[in-house]
Enquirer: 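Mind looking over this structure? Questions follow.
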Amino acid sequence: MDRGEQALIELSLPLFPLPLRSGEVGRILPLDLVQVLAAEGTWHGLCTASRIEVRAEDAALVVEQIITLERHYTDAD
């Protein structure tokens with residue numbers, strides 16, 4: 001079955017604690033539908049995987065979530 005042109009896109013986003021303030025992104029889980037505001041335009045993708053990475057930077061902890069999105073560029077035939 002042809003599902004059209006698609007790709008897996010990996011994005012790194014900061015993970016903010018609750019309660020979230022305007023413009024902050026919370027935890028994204030597999031099967032979440034995600035809206036991406038990119039330079040080439042807005043698109044939607046299905047989260048297929050996510051992981052958390054933590055590192056020390058300038059005496060602070062930086063917490064990021066790495067998500068994989070399934071993006072469809074064209075419709076199925």
Enquirer: Considering only distance and modelled atom types, tabulate donor-acceptor pairs under 3.5 Å from the side chains of residues 34-46, sequence neighbours left out.
Expert:
from, atom 1, to, atom 2, distance (Å)
Gln35, OE1, His44, NE2, 3.3

Enquirer: Linking I/L/V/M/F/W/Y whenever their side-chain heavy atoms sit closer than 4.5 Å, directly or via other members, would Ile66 and Leu11 fall into one cluster?
Expert: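 No.
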
Enquirer: Would you mind writing out the side-chain donor-acceptor pairs for residues 23-30 within the sub-3.5 Å range, not counting sequence neighbours?
Expert:
from, atom 1, to, atom 2, distance (Å)
Glu24, OE1, Arg21, N, 2.9
Glu24, OE2, Arg21, NE, 3.2
Glu24, OE2, Arg21, NH2, 3.2
Arg27, NH1, Ser50, OG, 3.3

Enquirer: Who pairs with Arg55 by salt bridge (Lys or Arg N to Asp or Glu O under 4.0 Å), at least two apart in sequence or on another chain?
Expert: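 Only Glu57, Glu64 meet the salt bridge (Lys or Arg N to Asp or Glu O under 4.0 Å) criterion with Arg55.
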
Enquirer: Give, for atom CG of Asp32 and atom OG1 of Thr48, the distance between the pair rounded to the nearest 0.5 Å.
Expert: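 With rounding to 0.5 Å, CG (Asp32) is 11.5 Å from OG1 (Thr48).
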
Enquirer: Given the rule that I, L, V, M, F, W and Y join up when any side-chain heavy atoms are under 4.5 Å apart, are Phe16 and Val54 in one cluster?
Expert: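 No, separate clusters.
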
